[in-house]
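First up is the structure itself, then whatever we jot down about it.
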Amino acid sequence: SQQGEEDPQALSIQEGENATMNCSYKTSINNLQWYRQNSGRGLVHLILIRSNEREKHSGRLRVTLDTSKKSSSLLITASRAADTASYFCADETSGSRLTFGEGTQLTVNP
Amino acid sequence: DAGVTQSPTHLIKTRGQHVTLRCSPISGHKSVSWYQQVLGQGPQFIFQYYEKEERGRGNFPDRFSARQFPNYSSELNVNALLLGDSALYLCASSLLDRYDGYTFGSGTRLTVV
């Protein structure tokens, strides 16, 4: 079964708005990663946040990590139609394997 | 620089047949991992190889096997295919030092009929 769970499962917003996706996990982690997937193709790595970090930025992306609540959030600011995709969180524990959630389908309407 | 390359892109097989999927990692990446993604779900870990040694195996039956070659490319083999093996198979490579996440290939879409 999947360890991570994303919330919401689907999100539809207008271009220029912010999009927030949440992720929960169940065990201790080394790091948590966010990936994007367009139309069932390969995953694109967006950002990695380590267990000793609380917040990280990359361009229009902001990721937070709360290890006490075992949760993370991904914020995309000033969204664009090109941001339409599925977004997955994946936690990495020992053994260098990623455990993915079910994903959030983001639709950005022009 | 070439990314992670996978072949073939698409594949249709009949139940009971065998399939081999191939992956070439980014130059300099010695770690290769395989994931299975069933439609509508997140990817699930199958195997990880580093320096030609298996470092991890997910909850998949023995019909699934893999290997890594001296040039760090990898093959995933699936025997006695079942309809439920229909999925997108993703390969990912990474550095183990200066690690900052995985680079995924575009995947192989396997359909079992």
Side-chain angles (χ1 to χ4, degrees), chain A residues 1-7 9-10 21-27 29-53 56-58 61 63 65 72 74 85-105, chain B residues 2-7 9-10 23-26 29-51 53-60 66 86-111:
Chain A
S1 62
Q2 296 292 329
Q3 170 164 275
E5 294 182 3
E6 280 97 341
D7 169 51
Q9 290 186 326
M21 288 160 269
N22 303 297
C23 167
S24 62
Y25 59 92
K26 296 178 182 174
T27 63
I29 60 173
N30 291 336
N31 63 70
L32 189 133
Q33 305 177 31
W34 285 89
Y35 289 83
R36 185 184 76 197
Q37 185 176 44
N38 290 82
S39 302
R41 300 305 295 172
L43 296 161
V44 175
H45 180 259
L46 296 176
I47 197 164
L48 179 153
I49 186 165
R50 302 185 191 282
S51 58
N52 61 352
E53 298 175 310
K56 201 165 182 179
H57 296 255
S58 177
L61 305 180
V63 169
L65 180 65
S72 174
L74 171 68
S86 293
Y87 290 82
F88 294 90
C89 70
D91 57 78
E92 186 167 31
T93 58
S94 61
S96 300
R97 66 180 66 183
L98 296 176
T99 302
F100 286 87
E102 298 294 321
T104 293
Q105 174 60 50
Chain B
V4 176
T5 57
Q6 291 187 244
S7 63
T9 305
H10 295 86
C23 171
S24 293
I26 288 177
H29 285 192
K30 299 180 180 179
S31 172
V32 171
S33 301
W34 288 94
Y35 289 80
Q36 180 197 64
Q37 186 178 23
V38 173
L39 192 64
Q41 298 182 15
Q44 288 201 337
F45 173 78
I46 311 175
F47 285 110
Q48 187 195 40
Y49 277 79
Y50 177 71
E51 289 282 16
E53 298 288 329
E54 181 182 305
R55 294 195 71 191
R57 183 187 182 113
N59 188 24
F60 281 81
S86 295
L88 181 68
Y89 288 85
L90 295 162
C91 173
S93 72
S94 69
L95 296 167
L96 285 189
D97 55 342
R98 295 180 289 116
Y99 172 74
D100 196 27
Y102 292 83
T103 303
F104 280 81
S106 295
T108 293
R109 173 72 63 187
L110 172 65
T111 302

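In what follows, chains carry the letters A, B, and so on, assigned in the order in which the sequence lines appear, proteins first and then strands, with residues in each chain numbered from 1. Worth knowing before you read on, the calculation uses all heavy atoms, side chains too, and leaves out hydrogens, waters and symmetry mates.
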Using the side-chain contact (heavy atoms from CB on, under 4.5 Å) rule, take B:F104 and A:R41 through it: C-alpha gap first, then chi angles, then the decisive distance, then the call. CA-CA 10 Å; B:F104 280 81; A:R41 300 305 295 172; over 6 Å; no
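Applying the 6.0 Å contact sphere to CD of A:Q9 captures no more than 12 heavy atoms from other residues, nucleotides or ligands. In B:N59, the CG atom is not crowded: 12 or fewer heavy atoms of neighbouring residues, nucleotides or ligands sit closer than 6.0 Å.
A:Y35 approaches B:Y102 most closely through the heavy-atom pair OH-N, 3.2 Å. The two atoms that bring B:G42 and A:F88 nearest to each other are CA-CE2, 3.5 Å, heavy atoms only.
Qualifying side-chain contact (heavy atoms from CB on, under 4.5 Å) partners for B:E51, counting only residues two or more places apart in sequence or in other chains: B:K30, B:Y72. Looking at residues two or more places apart in sequence or on another chain, you find a side-chain contact (heavy atoms from CB on, under 4.5 Å) between B:V38 and B:Q36, B:Q41, B:A87.
For chain B, the nearby part of A:Q37 is the side chain; its heavy atoms alone come within less than 4.5 Å. Within the 4.5 angstrom heavy-atom criterion, only side-chain atoms of B:Y35, from C-beta onward, approach chain A. At a 4.5 Å heavy-atom cutoff, B:Q6 makes no contact with chain A through either its backbone or its side chain.
Expressed to the nearest 0.5 Å, how far NE2 of A:H45 lies from OG of B:S94 amounts to 10.5 Å. To the nearest 0.5 Å, the span separating CG on A:L43 from OG1 on B:T103 amounts to 11.0 Å. Here the straight-line distance linking atom CG of A:L98 with atom CD of B:Q44 works out to 12.5 Å at 0.5 Å rounding.
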